[in-house]
Visitor: 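Dumping the structure here so I can ask a few things about it.
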There are 2 protein chains.
Amino acid sequence: MSKRKISIEDIARQAGVSHSTVSRALRDSPLISAKVREEIKKLAQEMNYVPNAIAQSLQNQRTYTVGVVVTSIADPFFGELVEGIEQVAKQAGLNLLLSASHGDFEQEIAAIENFHYRRVDGILIADSRISKHYTQQLTPFTVPTVLINIDTEDKDDIFHSVAIDDRLGGSLAVEHLIKLGHNAIGYLGVGDGSKAEQQRLEGYKMALNQAGLPQNPDWVAIFHRDQETINDIDIGKKMLSQLVAAGVTGIFCYNDMVAVGALLACKELGISVPQDLSLVGFDNIALASYITPPLTTVSQRMSEMGEVAMTMLLDLFQGKTVENQILSPFLVKRASSATVIVRKNSAISV
Amino acid sequence: MSKRKISIEDIARQAGVSHSTVSRALRDSPLISAKVREEIKKLAQEMNYVPNAIAQSLQNQRTYTVGVVVTSIADPFFGELVEGIEQVAKQAGLNLLLSASHGDFEQEIAAIENFHYRRVDGILIADSRISKHYTQQLTPFTVPTVLINIDTEDKDDIFHSVAIDDRLGGSLAVEHLIKLGHNAIGYLGVGDGSKAEQQRLEGYKMALNQAGLPQNPDWVAIFHRDQETINDIDIGKKMLSQLVAAGVTGIFCYNDMVAVGALLACKELGISVPQDLSLVGFDNIALASYITPPLTTVSQRMSEMGEVAMTMLLDLFQGKTVENQILSPFLVKRASSATVIVRKNSAISV
DNA sequence: CTGTTAGCGCGTTCAT
DNA sequence: ATGAACGCGCTAACAG
């Protein structure tokens, strides 16, 4: 903003009218003769007038901006989410202020306070790093806020939320394996203590129960975190063997990265997927469809999630009462899962 | 902003001073006695005062906000870029206004005008959809702007840029194959008419020249676009066979997706990589490291690109003169490329 | 229909 | 060291 832009007063002077006449003309006020309105609009055009949103915001008490906090922008997962958010925001004439928290609680709080400072009209938060802290730290919050995929325990009147039905997702994965004839089905988890993992595991158990299939503690392998420095792929790699040793023929993995890790471990161990072992992931990341074999997985459609969350925010702006949403994931069948091949001899060789 | 937040006047009234005293106290003005300064700060804290960035901006003529236009947020490529941008922006106390153009020229212009309207301090554009149009449409632009990976032809005084050295990238890929003993090296391109492709091809030729290796028109396969509806993977799939038929033992692919397509075609044709054929990609997308075999590729480090671009913008804010940057890519060696195996008989079988 | 005035919240000069 | 007054650019209430 080195050169100050021209204002409505500049064009008022030029037109020989008052600045409020210009303001009205530009806003298509009915209180203006059609003639001067067109004249002024033309003049504004000629003078390259660009209205000042800052001044308008100060007056309107509305910034037409929403703040978005995600863990990481580089994560394709959140990328899709933001894409969905952006799409409906743009359509509604709203702008996005984006901030990454990198899973750090401090940074997340800082981002939210910054949004507050900038007087955003609403806030979207997609980050699992939070919990009850919210209730304390963010109490003085009057800005409409929608939490995405976050365990929202209380404060239902202030915080709204949209989340995925992880239990359903787990069930879908396991039911799929059951249909394929598996009856020794394992679960491979990362042990991050998240509600998501807890519920996917629940879905796993539920599906087994419902099918009357046996359950075995040895079939559930959840990584024990001593240090935070391990990634999901390596978890999958490490944990696979013990499940195989326990005799499972199909495994539901907490997410796709874990499944990819398991797949890599299979290759090293000479276990062929899906002939010897079926794998099902969760998330449907892009990688899932390109890897060999392509991964059967539960898909979340993050962009839809973003759209729903942003739409919810729009409803809140209009004073509507909104209900927390739980989105249903769905199964994407690919080549990493197949019907069980019964072979008495080769089974021993594993 | 349903409930109006408290202002400096509110806390001035409470403290029994004028609002300008409060303003000064909060900004650590030396014109204030240390005592009242602390008192007022404490009071502000108690009253949950949050300064109004909008009002400040109107006064300062500075929004501490930069606008970012990318083709797609969901694209991991741009995700990384934005992550880099965001990181240095945050550190400098700047905010990001994000917008996606989806490769649509209209949307891109609209985004930029919107940024203009919102009085951003600077703009970053990462989208290839543009060209000379800029010179015309965006002439009245006084906002510091940095173009990322865009052919910036003229207007060097207004637009600044950071881009990758595609020619060097092409050379690196081909030199690598040469070192491995290949002497019939092909290029597989998408034919999108971009400067990037043109320069990567140039790098390919340059490397061959420099090594004194033969060149053959049949070794360069560039897809001819009749319709826009084909993706890079399918291009790679389609074009591979003709290069193989031409007798190449190594192929430099325009990007990783093309290389992945080529790889899939190899699997179908029974060509084993890297034993029969070496493949090198470009971009180093996440997928490249997970596919089988992992892909040798030229890496761009988009996050660095974002950091550099944002840093350049910061320099511009400080009135420094900046130079357009060209970043050097580097080779990432993986299992899709290997030394040539000379075998007289099997060579015929291809 | 149009002009005058006030105020959104804040920073800053000009007095004192 | 502090208060009064003005302006950033715009919208809206109030006069005419």
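So that the names make sense, note that chain A is the first sequence line, chain B the second, and so on, each numbered from 1. Excluded from the calculations below are hydrogen atoms, water molecules and symmetry mates; all remaining heavy atoms, backbone and side chain alike, are included.
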Visitor: How many Å lie between CZ on R118(B) and P on dG9(D), as a whole number?
Guide: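 Taking CZ of R118(B) and P of dG9(D), I get 18 Å after rounding.
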
Visitor: Provide, to the nearest angstrom, the distance between the CZ atom belonging to R62(A) and the P atom belonging to dG9(C).
Guide: 16 Å

Visitor: How many whole angstroms separate atom CD1 of I54(A) from atom C1' of dG11(C)?
Guide: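 Atom-to-atom, I54(A) to dG11(C), this comes out as 16 Å.
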
Visitor: Checking D10(A) side chain against S7(A) main chain: does a donor-acceptor pair fall under 3.5 Å?
Guide: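 At least one qualifying donor-acceptor pair exists.
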
Visitor: Scan residues 38-47 of chain A for pairs that pass side chain to side chain donor-acceptor pair (under 3.5 Å), counting only residues two or more places apart or in two chains.
Guide: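 Those involving residues 38-47 of chain A are D28(A)-K41(A).
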
Visitor: Take the protein atom CD of E39(B) and the nucleotide atom P of dA1(D), then report the distance between them rounded to whole Å.
Guide: 15 Å

Visitor: Side-chain contact test, heavy atoms from C-beta onward, threshold under 4.5 Å: evaluate it for F115(A) versus T145(A) and give yes or no.
Guide: no

Visitor: Checking only heavy atoms, does the side chain of Q59(B) share a donor-acceptor pair with the base of dG7(D) at less than 3.5 Å?
Guide: yes

Visitor: Can you see if the side chain of S33(A) gets near the phosphate of dT2(C) - specifically, an N or O under 4.0 Å from OP1 or OP2?
Guide: yes

Visitor: From the options I54(A), T65(A), N60(A), select the one residue that forms a side chain to side chain contact (heavy atoms under 4.5 Å, CB included) with I54(B).
Guide: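 For I54(B), the side chain to side chain contact (heavy atoms under 4.5 Å, CB included) test succeeds with only one of I54(A), T65(A), N60(A), which is I54(A).
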
Visitor: Between the side-chain atoms of Q56(B) and the base atoms of dG11(C), is any donor-acceptor pair under 3.5 Å?
Guide: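 Under the 3.5 Å cut-off, the side chain and the base do not form any donor-acceptor pair.
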
Visitor: Assign each of P51(B) and L31(B) to its nearest nucleotide of DNA chain C by heavy atoms, then name whichever residue's nucleotide is nearer the 5' end.
Guide: P51(B)

Visitor: Where along residues 17-28 of chain B does a heavy atom come under 4.0 Å from DNA chain D, residue by residue in number order?
Guide: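 Residues of residues 17-28 of chain B that come under 4.0 Å of DNA chain D are, in numerical order, V17(B), S18(B), H19(B), S20(B), T21(B), R24(B).
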
Visitor: Has Y117(A) got a side-chain N or O lying under 4.0 Å from the OP1 or OP2 atom of dC10(C)?
Guide: no

Visitor: Mind checking the CD-CD spacing from E307(A) to E83(A)? Nearest 0.5 Å is all I need.
Guide: 9.5 Å

Visitor: If I take atom CZ in residue R13(B) and atom P in nucleotide dG3(D), what distance separates them, rounded to the nearest angstrom?
Guide: 14 Å

Visitor: Quickly work out the R37(B) CZ to dA1(D) P distance and round it to whole Å.
Guide: 10 Å

Visitor: Using the side-chain heavy atoms of A55(B), tell me which of these nucleotides is nearest: dC10(D), dT2(C), dC10(C).
Guide: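 Taking heavy atoms from C-beta onward, the closest nucleotide is dC10(C).
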
Visitor: Take atom CG of L58(B) and atom P of dT12(C), then tell me their distance rounded to the nearest Å.
Guide: 13 Å

Visitor: Checking side chain to side chain contact (heavy atoms under 4.5 Å, CB included) between M302(B) and each of L327(B), I164(B), L81(B), V82(B), which is the one that passes?
Guide: L81(B)

Visitor: Take the protein atom CD of E9(B) and the nucleotide atom C1' of dC10(C), then report the distance between them rounded to whole Å.
Guide: 9 Å

Visitor: Under 4.0 Å, counting only non-hydrogen atoms across every strand here, what does I8(A) touch: a base, just sugar-phosphate, or nothing?
Guide: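 Result for I8(A) = base.
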
Visitor: For D121(B) and T63(B), indicate whether the former's side chain and the latter's backbone hold a donor-acceptor pair under 3.5 Å.
Guide: yes

